[in-house]
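Have a look at the structure below before the remarks.
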Amino acid sequence: MENPKNIAEKLLKPYDPTETESRIYKLWEESGPTMQPGGFFNPDNLPGNREKAFTIVMPPPNVTGILHMGHALATTLQDTMVRYKRMQGFKTLYIPGTDHAAIATQSKVEKEIKKNENLSRHDLGREEMLKRIEAFAKQSHDTIISQIKTLGASCDWSREAFTLDEKRNLAVNTVFKKMYDDGLIYRGNRIVNWDPKGQTTIADDEIVYEERKAKLYTFKYSKDFPISISTTRPETKVGDSAVAVHPDDTRYTEFVGKEYNIEFCGVPIHIKIIADEEVEKDFGTGALGVTPAHSQIDWEIADRHDLPRIQVINEYAKMMAGGENLLGKKTTEAREVIVEWLKSEGLLEKEEEVNQNIGTAERTGGIIEPLPKLQWFVNVNKEIPGRGKTLKEIMREPLESGKIKIIPEYFNKTYFHWIENLRDWCISRQIWYGHRVPVWYKGEEIFVGDKAPSSEWVQDEDTLDTWFSSGMWTFSTLGWPEQTKDLATYHPTDVLETGYEILFAWVARMVLMTGYNLDSIPFHTVYLHGTVRDDKGKKMSKSAGNGIDPTDMAHKFGIDATRMSLLVGNTPGTDVAVSENKIKGYKNFANKIWNITRFILENLAVEPLDSKLSGPTAKSEDLINEFKKVTADITSDMENYRFHLASEKIYHYIWHRFADEIIEQSKTDAEIKPALLPIWTDCIKILHPFMPHVTEEIWSIMPGTDKLLIIEAWPQI
RNA sequence: GCGCGGUUAGCUCAGUUGGUAGAGCAAUCCGUUUACACCGGAAAGGUCGCAGGUUCGAGUCCUGCACCGCGCACCA
């Protein structure tokens with residue numbers, strides 16, 4: 001407790017959030033039993049007999065730079081829940097961590113090196129490149145951690161994890177081996193999404209579709225060929241091995257089964273005419289030139305009809321077939337060559353402009369080139385030995401049964417819809433930063449495990465999809481595969497709070513990994529927040545230059561104010577608009593509660609509100625009862641994840657009921673006075689999860705408060 | 001094409017099981033010997049997208065439509 005003189009002086013000045021917030025955060029970090037790390041953020045240090053655990057794992061931010069407003073929103077929601085539960089007497093654990101974000105991080109560093117030194121990763125070599133990336137990741141990590149602290153996150157730093165550290169690597173390798181032994185992971189030569197820019201495969205859900213104008217060409221392979229076909233990519237046609245028509249399409253029935261040898265732009269091709277249900281009669285000419293090596297659908301058609309798969313485009317999106325006119329040319333150049341050739345031969349029948357969705361790589365922006373490659377896959381449709389179900393079913397089951405609830409509920413449908421369309425998951429990547437595929441080769445022999453049996457074995461060159469490791473986040477952070485005490489105490493976790501945009505990429509994979517490895521669920525509740533937008537409704541982004549930096553806001557208005565602006569009126573699953581003006585409004589609110597405290601304490605000094613002196617009055621009892629109802633209402637909102645209402649209600653009560661009316665009346669009506677301190681004490685408690693710093697600071701100067709607010713009990717109803 | 005959301009005050013959005021429309025910001029007027037001008041008071045502002053239906057009663061439930069946004073699939 002500070003001495004009263006300092007208190008008065010402090011309260012006489014307007015509230016200074018910047019100075020207070022960093023000081024208060026340190027106070028928390030150093031709180032609790034001495035010699036124990038983590039302060040009261042560490043559940044082991046919490047006082048009292050706390051039987052029930054409440055756990056949130058922080059979705060680990062990518063170590064690719066700095067945090068943005070979206071992180072601030074996520075952290076605020078998580079921390080609000082955690083602080084509320086801590087006050088409710090739970091053994092509360094909030095685990096922090098960061099994500100190595102394989103492709104995102106590597107491509108960022110590659111870009112930098114290219115720009116500054118004009119070198120590629122191959123110029124540097126694997127070892128040197130990794131050193132550079134790790135140095136960048138380390139620096140990025142440090143920035144991010146200090147930012148998370150600025151946000152006021154009450155997470156247990158003694159349990160901090162990284163998706164690519166040693167413990168998480170053991171978890172990854174353990175899972176890989178288990179899945180391999182169960183026949184769920186296989187290596188296969190299949191068509192994959194190749195990113196020529198990033199020089200790696202990517203998963204289906206890492207593709208971003210962009211609508212672009214393209215030309216649809218209709219032509220025949222040769223004058224003698226009986227059927228015309230349409231394509232936007234004539235350059236791939238040198239890899240065709242069939243023309244497919246619908247079985248019911250009478251126009252072409254007579255040709256089905258016939259085969260033709262053709263010289264197409266100088267490349268000899270062999271075309272068989274086949275009938276396949278997949279072909280739409282009404283699109284183009286109703287006939288599809290089948291290019292098995294460069295189209296997902298065509299690859300599947302080739303499976304059914306046993307067609308040859310001729311690769312004509314390489315990893316650099318350059319032609320690997322044809323004579324001088326084509327060989328080594330970029331696909332776009334080759335396209336022109338072929339169109340010219342078609343024209344000169346009189347084969348081109350039609351050229352029309354169409355809109356087409358083109359797949360690009362999420363991280364590098366490269367145009368996806370479907371290519372056949374030898375890769376590692378997770379089979380999502382194979383029955384797991386001894387379990388009688390598939391991984392797909394594991395992903396679906398807990399949401400169907402209601403063991404896992406998504407907030408808002410309507411995202412359930414989206415989730416199921418996604419699972420229905422799910423194909424085998426390509427998990428290998430040709431980048432260097434990440435968990436290396438735990439497979440070793442010696443001649444024809446193959447070894448799968450955590451470490452090579454001996455130095456003669458050569459490890460697989462590839463690394464794993466970053467989501468393979470983040471899928472294990474809820475249990476790898478708790479020490480799995482070791483059967484730790486933490487794992488027994490804190491898993492399944494309670495709430496996963498994240499953005500709706502990674503429902504599939506991450507949430508579904510966590511359900512998969514936990515169901516498969518622990519025969520359990522990763523969490524009970526998924527709380528999805530929306531995208532942070534500017535006051536004009538535009539998505540905040542670097543390129544648009546409309547981003548608001550949460551750290552800047554913390555300096556300007558205080559992080560408590562920023563947190564409130566992100567919470568109030570922000571319903572789950574809905575995008576939220578944030579402006580400096582809104583944040584400023586809550587800075588004023590922080591100052592308001594500062595001054596309310598000053599008023600009450602000054603009043604108290606003049607005229608002690610000790611019950612023996614003034615005693616409770618009928619009027620004060622009524623006000624306290626009225627406030628109990630508000631407390632009950634807010635508590636119910638907190639229990640039901642209605643933080644947008646809870647935060648607004650306490651704000652509204654404090655300002656427009658307590659300050660504007662009750663305090664004002666107390667100036668003339670002494671019978672109201674005994675209500676002031678009890679109500680205000682509880683208001684500060686209720687406000688704490690939302691605005692932790694200013695409330696902790698006020699708490700320290702309130703009478704009769706001998707411990708920190710962070711471990712105070714939530715007001716009883 | 002399939003699916004999901006939205007449409008409420010000038011702007012940004014709440015409105016939890018149907019019961020007389022709410023907040024913040026902005027704009028208007030008044031107020032400063034005061035806990036706080038980072039303030040207080042007052043007034044103003046809405047046929048709750050459109051059309052039907054259920055109901056004693058609909059912003060809320062049902063049907064259809066329009067527009068905006070998003071996801072998935074297709075994209076020869």
Side-chain angles (χ1 to χ4, degrees), chain A residues 11-15 17 204-205 209 211-212 214 216-218 228-234 236-237 240 243-245 278-280 283-291 295-298 301 354-359 408-422 500-501 503-504 530-531 533-537 539 557-558 561 564-565 568-571 573-603 633 636-637 640-642 644-645 647-649 651-652 655-656 659-661 663-664 666-667:
Chain A
L11 280 167
L12 282 173
K13 291 182 211 141
Y15 174 62
D204 290 347
D205 50 293
Y209 290 96
E211 192 166 280
R212 291 191 192 171
L216 181 67
Y217 302 95
T218 302
S228 303
I229 56 158
S230 300
T231 185
T232 53
R233 301 199 58 190
T236 63
K237 298 289 107 180
D240 282 14
V243 163
V245 298
E278 195 71 28
V279 182
E280 259 182 66
F283 190 94
T285 61
L288 163 66
V290 182
T291 323
S295 151
Q296 181 75 40
I297 294 281
D298 295 8
I301 292 175
V354 293
N355 284 328
Q356 106 174 325
N357 277 332
I358 190 155
E409 209 177 334
Y410 59 73
F411 274 101
N412 271 312
K413 277 203 177 176
T414 322
Y415 181 90
F416 291 131
H417 189 74
W418 179 80
I419 288 175
E420 267 163 44
N421 291 308
L422 188 63
Y500 60 70
E501 69 278 3
L503 179 60
F504 312 132
T531 308
R533 295 172 184 276
D534 68 12
D535 53 352
K536 290 175 192 73
K539 199 169 170 171
F557 306 111
M564 275 300 269
S565 74
V568 175
N570 181 9
T571 41
T574 308
D575 294 350
V576 60
V578 177
S579 62
E580 285 205 18
N581 228 348
K582 188 174 179 186
I583 302 172
K584 194 180 157 198
Y586 293 106
K587 185 196 174 189
N588 294 351
F589 179 57
N591 192 57
K592 184 78 184 178
I593 63 173
W594 189 249
N595 281 298
I596 290 171
T597 308
R598 176 175 153 192
F599 175 85
I600 291 178
L601 293 192
E602 278 174 356
N603 245 273
D633 195 22
S636 153
D637 285 337
N640 292 291
Y641 305 95
R642 295 188 295 252
H644 62 295
L645 293 182
S647 51
E648 189 176 343
K649 280 173 188 169
Y651 169 88
H652 198 256
W655 201 315
H656 300 297
D660 288 352
E661 295 172 359
I663 286 189
E664 286 308 314
S666 79
K667 289 178 183 171

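Chain letters run A, B, ... following the sequence lines, proteins first, then strands; residues in each count from 1.
- Here, B:rG3 and B:rA21 have their C1' atoms 32 Å apart, quoted to the whole Å.
- Rounded to whole Å, atom C1' of B:rC25 lies 15 Å from atom CE of A:M564.
- A search for side-chain contact (heavy atoms from CB on, under 4.5 Å) contacts involving A:T574 returns A:T571, not counting sequence neighbours.
- The two residues A:T285 and A:S228 come nearest to each other via the heavy atoms OG1-O, 2.6 Å.
- The interatomic distance linking A:K667 (NZ) with B:rG40 (P) rounds to 10 Å, in whole Å.
- Put simply, CG on A:N412 is 17 Å from P on B:rC72, counting in whole angstrom units.
- For the P atoms, the distance from B:rG6 to B:rU16 is 12 Å, rounded to whole Å.
- Ring pair A:W594/A:Y15 is tilted by interplanar angle, where 30° to 60° counts as tilted.
- Looking at heavy-atom distances under 4.0 Å, A:K584 makes no contact with the nucleic acid at all.
- Across all strands shown, A:I358 has no heavy atoms under 4.0 Å from either base or sugar-phosphate atoms.
- Contact annotation for A:S295: no contact, since no heavy-atom pair falls under 4.0 Å across all strands.
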I'd like a table of atom pairs between the protein and nucleotides 14-19 of chain B - only N or O on both sides, under 3.5 Å - with the distance next to each one.
residue : atom : partner : partner atom : Å
B:rA14  : OP1  : A:T571  : OG1          : 2.5
B:rG15  : OP1  : A:H644  : NE2          : 3.2
B:rU16  : O2   : A:R642  : NE           : 2.7
B:rU16  : O2   : A:R642  : NH1          : 2.6
B:rU16  : O2   : A:R642  : NH2          : 2.7
B:rU16  : O4   : A:K649  : NZ           : 3.3

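- Here the separation of B:rA58 from B:rC50, taken at their C1' atoms, is 16 Å to the nearest Å.
- Each of A:Y586 and A:A659 was matched to the nucleotide of RNA chain B holding its nearest heavy atom; the match closer to the 5' end belongs to A:Y586.
- Residues A:A659 and A:I596 come closest through the heavy atom pair CB-CD1, 3.8 Å.
- Residue contacts for A:V279: at a heavy-atom cut-off of 4.0 Å it reaches a base atom on one of the strands shown.
- Minimum atom distance to the side chain of A:T414 is reached by B:rG71, of the listed B:rC74, B:rG71, B:rA35.
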Pairing pattern in dot-bracket form [Watson-Crick, G-U; both distances under 3.5 Å; | = partner strand] for RNA chain B: (((((((..((((.....[..))))..((((.......))))......(((((..]....))))))))))))....
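- Between A:Y217 and A:P234, the shortest heavy-atom contact is CD1-CG, 3.4 Å.
- With distances taken from any side-chain atom of A:F504 to the nucleotides B:rC72, B:rC38, B:rA35, the minimum falls on B:rC72.
- Of the candidates B:rA35, B:rC75, B:rC38, the closest approach to any side-chain atom of A:N588 belongs to B:rC38.
- Rounded to the nearest 0.5 angstrom, A:K582 NZ and A:F557 CZ are separated by 13.5 Å.
- Across B:rG40, B:rA35, B:rC38, the shortest atom-to-atom separation from the side chain of A:W655 is found for B:rG40.
- The interatomic distance linking A:N355 (CG) with B:rC74 (P) rounds to 17 Å, in whole Å.
- A:N581 comes within contact range of the sugar-phosphate backbone alone, with a heavy-atom separation under 4.0 Å but no base atom that close.
- For the C1' atom pair drawn from B:rA43 and B:rC29, the interatomic distance equals 7 Å after rounding to whole Å.
- Heavy atoms of A:L503 sit nowhere under 4.0 angstrom from any nucleic acid atom.
- Under the 4.0 Å criterion applied to side-chain N and carboxylate O atoms, A:R598 and A:E602 are assigned as salt-bridge partners.
- Between A:H656 and B:rA23 there is no side-chain N or O to OP1 or OP2 distance below 4.0 Å.
- Among the nucleotides B:rG3, B:rA35, B:rA23, the one closest to the side chain of A:H652 is B:rA23.
- At a cut-off of 3.5 angstrom, counting only N and O atoms as typed in the model, there is no donor on one side facing an acceptor on the other between the side-chain of A:E420 and the base of B:rA73.
- When the C1' atom is used for both B:rG24 and B:rU63, the distance is 36 Å, rounded to whole Å.
- The C1' atoms of B:rG46 and B:rG41 are separated by 24 Å, rounded to the nearest whole Å.
- Here A:E280 lies in heavy-atom contact (under 4.0 Å) with a base.
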Summary of protein contacts for nucleotides 58-66 of chain B, nucleotide by nucleotide, where a base hit scores B, a sugar-phosphate-only hit scores S (4.0 Å, heavy atoms): ---------
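- At a threshold of 4.0 angstrom between heavy atoms, the contacts of A:Y209 include nucleobase atoms, whether or not backbone atoms are also involved.
- The phosphate of B:rC4 (OP1 or OP2) has a side-chain N or O of A:K413 nearer than 4.0 angstrom.
- Of the candidate nucleotides B:rG24, B:rC39, B:rU12, B:rG24 has the atom lying nearest to any side-chain atom of A:Y651.
- Using atom C1' as the reference point in both B:rG5 and B:rU17, the two lie 22 Å apart (nearest Å).
- Nucleotide B:rC74 holds its P atom 12 Å from the CD1 atom of A:I301, rounded to whole Å.
- With both ends at atom C1', the span from B:rU28 to B:rU47 equals 25 Å, rounded to whole Å.
- Taking atom OH of A:Y500 as the reference point, atom P of B:rG69 lies 13 Å away to the nearest angstrom.
- A:I229 comes within 4.0 angstrom of nothing in the nucleic acid, heavy atoms only.
- Across B:rA26, B:rC72, B:rG41, the shortest atom-to-atom separation from the side chain of A:N421 is found for B:rC72.
- Spacing between atom CZ of A:R533 and atom C1' of B:rG69 amounts to 8 Å, rounded to whole angstrom units.
- Along RNA chain B, the nucleotide nearest to A:D205 and the one nearest to A:Q356 differ in position, and the one closer to the 5' end is contacted by A:D205.
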Test side chain to side chain contact (heavy atoms under 4.5 Å, CB included) applied to A:K584 and A:S565, step by step: CA-CA 9 Å; A:K584 194 180 157 198; A:S565 74; over 6 Å; no
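- Contact detail for A:I229 and A:L288: the closest heavy-atom pair is CG2-C, 4.3 Å.
- For A:D240, the salt bridge (Lys or Arg N to Asp or Glu O under 4.0 Å) criterion is met by A:K237, not counting sequence neighbours.
- Closest approach of A:R642 and A:S636 over heavy atoms only: NH2-OG, 3.2 Å.
- Summarising the geometry of A:P14 relative to A:N591, their closest heavy-atom pair is CA-OD1, 3.6 Å, with the distance given to 0.1 Å.
- Under the side-chain contact (heavy atoms from CB on, under 4.5 Å) criterion, A:L503 pairs with A:I406, A:F411, A:Y415, A:V507, A:L528, sequence neighbours left out.
- Here the nucleotide nearest the side chain of A:D660, chosen from B:rG41, B:rA35, B:rC38, is B:rG41.
- Atom OH of A:Y410 and atom P of B:rG3 are 18 Å apart (whole Å).
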